[in-house]
Amino acid sequence: MRPREEIRAAIAAACAARGWPVEEIAVERPKDPAHGDWATPVALALARPLKRPPREIGEALVETLELDPDRYSAVEVAGPGFVNVRLSPAYLREAVARILADPAGFLHSDRLAGRSINVEFVSSNPTGPLHVGHARNAALGDAIAALYEAQGADVDREYYFNDAGRQMDILGASIHARYRQLWEPDYPFPEEGYRGAYIRDLAEEVRETEGERFRDVEPEACLEFFRRFAGERMTASIKSDLERFRVAFDRWFNESSLYADGSLEKTLEDLREAGAIYEKDDAVWLRASAYGDTEDRVLVKSTGMPTYLLPDIAYHRDKHERGYDRAVDVWGADHHSYQVRMQAALKALGYPPRWLETIIYQQVSLIEDGQEVRLSTRRNRMVTLRELMDDIGVDVTRYFLLMRKGDTHMTFDLDLAREQSEENPVYYVQYAHARIAGVFTKLERPEFDPCASEALPAPGIFARLVEDREIELMRTLEDLPDVIADAAESLEPHRLTDALETLARRFHLWYHHHRFLVEDEDLARARLALARATQRALAETLAILGVSAPESM
RNA sequence: GCCCCGGUAGCUCAGUGGACAGAGCGGCGGCCUUCUAAGCCGUUGGUCGGGGGUUCGAAUCCUCCCCGGGGCGCCA
């Protein structure tokens, strides 16, 4: 059991033994390290019902509290009545040994073992290149999926292509127009057409591969070709960008397949049976207002064509049919209003209330040369994911996008990411990892490397780790599994970037003040073991964020 | 008009109702015959947007304002 749970259980037992009325026991990390590793304010909360001073209650609680003295070195009342608990150095040293024996095993958990979770993210229309907003979506979705995996869940990463709607027709028509303009500059461009430079590139590509054979053909006769060509090229481009961004999707789901396999009809049928739809003005409506939405929504237009919502419901129904215990969608803030209607539809279908979880992330604004770069398909400014990767690399891009909580409007400062790369937190963290690797490449006694030896170092030598900065570092390592679990629970990957920076800082501090390669062999071995444990923890945590852990920099 | 997100140090942002509100960057001043100076040490910095309220206790919860961003289609 993790210390927090153990402390919580002990407090619950102590309160029960004294007959105190405690509903919920808060066990929190004190902000000030002088207040121990864990603290509980239960005595403060009990002061009123017990009509006794909180400090007195705290004293009584400490007296009754049964905690293993080998693991908990200090249990004391402090301040207005907090009960503070400190993990013993011996227990912290034991954590180092456990990390070395099995880093992933120590840092991960099996809390969600046996649960199957579908994480759907990015899901951008294949009508243009991915930009920085999609990159935030990709980084968040992938990290959330990895966090679930770190809790033992069986996770599938999925991408939904809206390849069936009118947008694809417009895309095809846009490329067709640019193609014709290669010979006739005045050829009309569609009113709502896509004007990005990539459209001209694709038109040029058609000329190279197909020649002039569509030059004198009526648009109606060749638009299907252009639509298909454009869809294939954009889809391939998106896939290749994401692969380079280190996101490995398990499934690419095409909206068009829902039209082909009768899913739309089945979905309408299910909703009809549930009494959730009706017809009005020649259209089919979802009775969303009966399931929490503010108003009813059209599913099938009076023209007989489905709205965007119907295939989306059918898609979520498909995911549910495939047996996932939970589905997570990562959406941009511009889609937040669809949460309610989607939840209404799923409620109508009879799914559990929290089956679908939607993560909303806010807009990213780019700052370059001190000015905001407005996202525009017309301009050829550096806003695409590809250009971002070319310019500052995958590691920095991912890390920067994950540093901030999803629901903050983040400012991505390109000048900082690029020009001041020495001061980048990602390098700070990676450097800690590389620094440790460097020590081991210089090591003249390879048998001192705890990872190279046949067996782990004798437990006794860890007792040599007594310096304040070593204890602090071990404390940070010991806490990491809880930070990861909390990040998974709250679906907030930014907690890991914070933890990584703290861990790296504690390491650099220790490194700067104490040498590893010292005369005293046991001390050297103990310090090398702590260094390796730190390195493993850094690598495992960076891996969750999809950021590399370099051996040298 | 209604809905969602934000407003915390010069800047970018942490802060799950608890102890004097934190970090990085920036500014200022130091440290390289040493296992990587992409590092370390010191210092500068705040009406937590504003007013009420709930609570033993509020940056955190409720309410009303102010400011910024986004969204409110038989578009996708």
Side-chain angles (χ1 to χ4, degrees), chain A residues 26 28-32 34-35 39-41 44-48 53-54 78-82 84 125 127 162 164-168 170 192 255 280-285 294-295 297-309 311-312 332-340 360-363 365 367 400 403-413 416 420-432 434-444 486 489-490 492 494-495 497-498 501-502 504-505 507-518 524 527-528 531 552-553:
Chain A
E28 58 209 27
R29 295 186 181 86
K31 277 183 285 191
D32 186 343
H35 298 142
T40 179
L44 280 74
L46 281 166
R48 178 170 282 247
F82 289 95
N84 298 334
N125 289 356
T127 52
N162 289 112
R166 210 168 64 89
Q167 297 306 314
M168 298 306 292
I170 295 172
E192 300 171 274
E255 180 192 4
K280 190 183 85 177
D281 304 334
D282 295 326
V284 179
W285 294 70
T294 52
E295 56 190 299
R297 307 289 175 180
V298 173
L299 294 178
V300 182
K301 300 183 240 179
S302 53
T303 60
M305 296 297 288
T307 61
Y308 169 83
L309 185 58
D312 218 9
D334 54 343
H335 285 78
H336 86 269
S337 59
Y338 292 90
Q339 286 179 112
V340 177
I360 301 293
Y361 66 92
Q362 301 294 324
Q363 192 185 340
S365 44
I367 302 287
F400 262 61
M403 277 196 303
R404 309 296 178 220
K405 204 168 46 175
D407 58 10
T408 64
H409 312 260
M410 73 170 286
T411 304
F412 195 120
D413 190 333
L416 189 84
Q420 305 185 347
S421 61
E422 305 90 34
E423 304 300 341
N424 263 339
V426 58
Y427 291 116
Y428 184 83
V429 172
Q430 288 181 316
Y431 179 53
R435 222 176 191 182
I436 298 167
V439 172
F440 286 94
T441 60
K442 293 241 166 73
L443 190 60
E444 288 172 3
D486 289 348
E489 180 93 25
S490 58
E492 292 180 344
H494 78 277
R495 295 178 187 228
T497 61
D498 283 355
E501 285 160 44
T502 302
R505 179 161 306 106
F507 169 75
H508 285 308
L509 238 154
W510 175 53
Y511 177 94
H512 193 261
H513 289 90
H514 303 285
R515 297 185 57 79
F516 305 158
L517 308 178
V518 290
R527 286 184 172 165
L528 288 167
S552 65
M553 292 175 71

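Protein chains get the first letters and strands the later ones, always in sequence-line order, with residue 1 at the start of each.
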Discussion item. Of the listed nucleotides (B/A14, B/A19, B/C35), which one gets closest to any side-chain atom of A/Leu517?
Written reply: B/C35
Practice prompt. Can you tell me the pairing partner of B/C61 across any strand shown, Watson-Crick or G-U wobble, with both distances under 3.5 angstrom?
Written response: B/G53
Worksheet item: A/Trp510 vs A/Phe507 aromatic rings, parallel, tilted or perpendicular, using cut-offs 30° and 60°?
Response: perpendicular
Item to complete: Give one of base, sugar-phosphate or nothing for A/Ser552, where a contact means two heavy atoms less than 4.0 Å apart.
Response: base
Discussion item. Starting the side chain at C-beta, find the nucleotide from B/C41, B/A19, B/U34 nearest to A/Arg515.
Written reply: B/U34
Worksheet item: OP1, OP2 of B/G39 versus side-chain N and O of A/Arg505: anything below 4.0 Å?
Response: no
Discussion item. Once hydrogens and angles are ignored, does a donor-acceptor distance under 3.5 Å link the base of B/A21 to the side chain of A/Asp32?
Written reply: no
Fill in: Proximity to the side chain of A/Trp285 - top-ranked nucleotide from B/G15, B/C74, B/G71
B/C74
Item to complete: For A/Ala164, enumerate each residue passing the side chain to side chain contact (heavy atoms under 4.5 Å, CB included) test, keeping only those at least two apart in sequence or located in another chain.
Response: A/Glu255, A/Ser256, A/Tyr259
Worksheet item: For the side chain of A/Arg404, counting heavy atoms from C-beta on, which of B/C35, B/C13, B/A38 is nearest?
Response: B/C13
Listed pairs, N/O of protein and of nucleotides 28-33 of chain B, under 3.5 Å:
none

Practice prompt. Please state how far atom CZ in A/Phe507 lies from atom P in B/G39, giving the value in whole angstrom units.
Written response: 13 Å
Fill in: Nucleotide of B/C75, B/U34, B/C25 approaching A/Gln167 most closely (side-chain heavy atoms)
B/C75
Discussion item. Heavy atoms only, 4.0 Å cut-off, all strands: where does A/Asp281 land among base, sugar-phosphate and nothing?
Written reply: base
Worksheet item: Taking only side-chain nitrogens and oxygens of A/Tyr428, does any of them come within less than 4.0 Å of OP1 or OP2 of B/C40?
Response: yes
Discussion item. Whole angstroms only, please: what is the CD-C1' distance between A/Glu501 and B/G22?
Written reply: 13 Å
I'd like a table of donor-acceptor pairs (distance under 3.5 Å, sequence neighbours excluded) in which one partner is a side-chain atom from residues 406-413 of chain A, with atom names and distances.
from: A/Thr408; atom 1: OG1; to: A/Lys405; atom 2: O; distance (Å): 3.0
from: A/Asp413; atom 1: OD1; to: A/Asp415; atom 2: N; distance (Å): 3.0
from: A/Asp413; atom 1: OD1; to: A/Leu416; atom 2: N; distance (Å): 3.2

Discussion item. Can you identify which nucleotide, out of B/G18, B/C40, B/C13, has its nearest atom closest to the A/Leu44 side chain?
Written reply: B/G18
Item to complete: For B/C74 and B/C13, measure between their C1' atoms and round to the nearest Å.
Response: 43 Å
I'd like a list of close polar pairs between nucleotides 4-8 of chain B and the protein, N/O only, cut-off under 3.5 Å.
from: B/C4; atom 1: O4'; to: A/His336; atom 2: NE2; distance (Å): 3.4
from: B/C5; atom 1: O4'; to: A/Gln362; atom 2: NE2; distance (Å): 3.3
from: B/C5; atom 1: O2'; to: A/Asp407; atom 2: O; distance (Å): 2.4
from: B/C5; atom 1: O2; to: A/His409; atom 2: NE2; distance (Å): 2.6

Worksheet item: Watson-Crick or G-U wobble partner for B/C25, using a 3.5 Å limit on both distances?
Response: B/G10
Discussion item. Quick check for you: among B/C13, B/C35, B/C75, whose closest atom lies nearest to any side-chain atom of A/Arg166?
Written reply: B/C75
Item to complete: Could you classify B/C20 for me, syn or anti, using a glycosidic angle within 90° of 0 as syn?
Response: anti
Worksheet item: Any idea which of B/G70, B/C35, B/G39 is nearest the A/Ala333 side chain?
Response: B/G70
Report all interatomic pairs (protein N or O, nucleotide N or O of nucleotides 58-60 of chain B) with separations under 3.5 Å.
none

Fill in: Pairing partner (Watson-Crick or G-U wobble, both distances under 3.5 angstrom) of B/C31
B/G39
Discussion item. Would you say A/Arg48 places a side-chain N or O within less than 4.0 Å of OP1 or OP2 belonging to B/C56?
Written reply: yes
Response to the item:
Taken in chain and number order and not counting sequence neighbours, the residues that satisfy side-chain hydrogen bond (donor to acceptor under 3.5 Å, both in side chains) with A/Gln362 are none
Discussion item. Nearest whole Å is fine: how far is B/A23 C1' from A/His508 NE2?
Written reply: 15 Å
Item to complete: State which of B/G70, B/A19, B/C35 makes the closest approach to the side chain of A/Asp334.
Response: B/G70
Worksheet item: If we only count heavy atoms from C-beta on, is the A/Phe516 to A/Leu443 side-chain gap below 4.5 Å?
Response: no
Discussion item. Suppose we define a pair by two distances each less than 3.5 Å, Watson-Crick or G-U wobble; what does B/A19 pair with here?
Written reply: none
Worksheet item: Mapping A/Ala504 and A/Val300 onto RNA chain B by nearest heavy atom, which one lands closer to the 5' end?
Response: A/Ala504
Fill in: Out of B/C40, B/U16, B/A38, whichever nucleotide has its closest atom nearest the side chain of A/Leu509
B/C40
Worksheet item: What distance, rounded to whole Å, do you find between the two P atoms, one in B/U16 and one in B/G22?
Response: 14 Å
Worksheet entry | Mate of B/G1 where both pairing distances stay under 3.5 Å, Watson-Crick or G-U | B/C72
Fill in: Spacing of the P atoms in B/G50 and B/C56 (rounded, Å)
25 Å
Worksheet item: When you match A/His335 and A/Phe440 each to their closest nucleotide on RNA chain B, which lands nearer the 5' end?
Response: A/Phe440
